[in-house]
Number of protein chains: 2
Amino acid sequence: MVVRRSKQNKAILRVLRETTSHPTAVYIYEQVRKEMPDISLGTVYRNLGLLKQEGKILELGLAGTPNRFDGNTQSHCHFRCEQCGRVYDVDEPVDRGRDERVAQKTGFKIYYCGVQFRGLCKGCQS
Amino acid sequence: MVVRRSKQNKAILRVLRETTSHPTAVYIYEQVRKEMPDISLGTVYRNLGLLKQEGKILELGLAGTPNRFDGNTQSHCHFRCEQCGRVYDVDEPVDRGRDERVAQKTGFKIYYCGVQFRGLCKGCQS
DNA sequence: TTAGGTGCAAAACCTTTGCCATCCC
DNA sequence: GGGATGGCAAAGGTTTTGCACCTAA
């Protein structure tokens, strides 16, 4: 199966790369629609799925809110606000050596390691 | 609003405490149904929601698979298999001091911090 | 030319909710 | 008795899919 880079695919990846906001599929859909009014949400999901399989993006599963996508596939830290659902990047180092150690210990193959903080973001602490 | 501990609520919490498998709502439903055949899936979800609010359990959002629940609310490490969706506990220390540091730096309020590994579990490495 | 991609709409799936009966305190 | 909870079923929201039509290689 040859990967054909459609313009929809490119646009979706571009939106994801141009933002640091970990958007939902619907947000991406709205952005892409500005320049490509006929694109459908199904196509957005389809391409997000492909990009994920290719390892170009990351899908973040969040209990209670629609999934979000991240153009940064490096292991890194996220903070998720339990109130508003937003996901912020946190600038903290991830211990790369640990991946090795855990892989050894468990026999699992590790592709990605992220740290996830949960709590309330500034705006949501009333 | 007084919290009344119904027997359904107790049974759901018990199932969650007795397993380390981070079950889905449906799995919990099936387990509880063995002793309480009339319980409905809606009730399971309702009680999981309540237990989550009380901070007695954790909900794990996983892209692509139904959410899973964890009776262990301590900050800890998970490994998630991208193939089969299973979630395993990983016995690695979580750096508690970092929560403080990140809270200071960002102004966010942090309730929980978990490390999430992704990859392939032993059984799924064909 | 042609496998793979798109748009559209319907389906599937997970989760939440409304309503009324039931159960505890 | 009366508020909280449960069972049932319908609704809601997100994501996937089938199909006929395009399109990039």
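So that the names make sense, note that chain A is the first sequence line, chain B the second, and so on, each numbered from 1.
- Put simply, A/S6 has no side-chain N or O that comes within less than 4.0 Å of OP1 or OP2 on D/dA24.
- Spacing between atom CG of A/N9 and atom P of D/dT23 amounts to 16 Å, rounded to whole angstrom units.
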Could you run down the sub-3.5 Å N/O contacts of the protein with nucleotides 16-18 of chain C?
residue	atom	partner	partner atom	Å
C/dG18	O6	B/R46	NH1	3.2

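- With D/dG7, D/dG6, C/dC14 as the candidates, the nucleotide lying closest to the side chain of B/N47 is D/dG6.
- Rounded to the nearest 0.5 Å, atoms CZ (A/R118) and CZ (A/R80) are 5.5 Å apart.
- Rounded to whole Å, the distance from CG on B/L51 to P on D/dG6 is 10 Å.
- Of the candidates C/dC8, C/dG5, D/dG6, the closest approach to any side-chain atom of A/S40 belongs to C/dC8.
- Note on B/R14 versus B/E35: salt bridge recorded, some NZ/NE/NH1/NH2 to OD/OE distance being below 4.0 Å.
- Across the protein-nucleic acid pair, B/I39 atom CD1 and C/dA21 atom P stand 21 Å apart, rounded to whole Å.
- Put simply, B/N67 has a side-chain N or O that comes within less than 4.0 Å of OP1 or OP2 on C/dT15.
- The shortest distance between the side-chain N/O atoms of B/Q8 and the OP1/OP2 oxygens of D/dG7 is below 4.0 Å.
- Going from atom CD1 of A/I28 over to atom P of D/dT14 covers 14 Å, rounded to whole Å.
- Note: the hydrophobic cluster containing B/L60 does not contain B/F117 (ILVMFWY, side chain heavy atoms under 4.5 Å, direct or indirect links).
- Here the P atom of nucleotide D/dT14 and the CG atom of B/L62 are 18 Å apart, to the nearest Å.
- Between B/K109 and B/E100 there is no salt bridge, since no side-chain N of the basic residue sits under 4.0 Å from a carboxylate O of the acidic one.
- By the 30° and 60° cut-offs, the orientation of the rings of B/F79 relative to B/Y88 is tilted.
- Annotation: of the two residues near DNA chain C, B/K7 and B/A25, the 5′-most nearest-nucleotide partner is B/A25.
- In this structure, B/R86 places its CZ atom where only 12 or fewer heavy-atom neighbours from other residues, nucleotides or ligands lie under 6.0 Å away.
- At a threshold of 4.0 Å, the pair A/E92-B/K105 counts as salt-bridged, since one of the basic side-chain nitrogens sits closer than that to a carboxylate oxygen.
- Rounded to whole angstrom, the span from the NZ atom of B/K10 across to the C1' atom of D/dA4 amounts to 15 Å.
- The CZ-P distance, from A/R33 to C/dT6, rounds to 16 Å in whole Å.
- Straight-line distance from the CZ atom of B/R5 to the P atom of D/dT5: 9 Å, rounded to whole Å.
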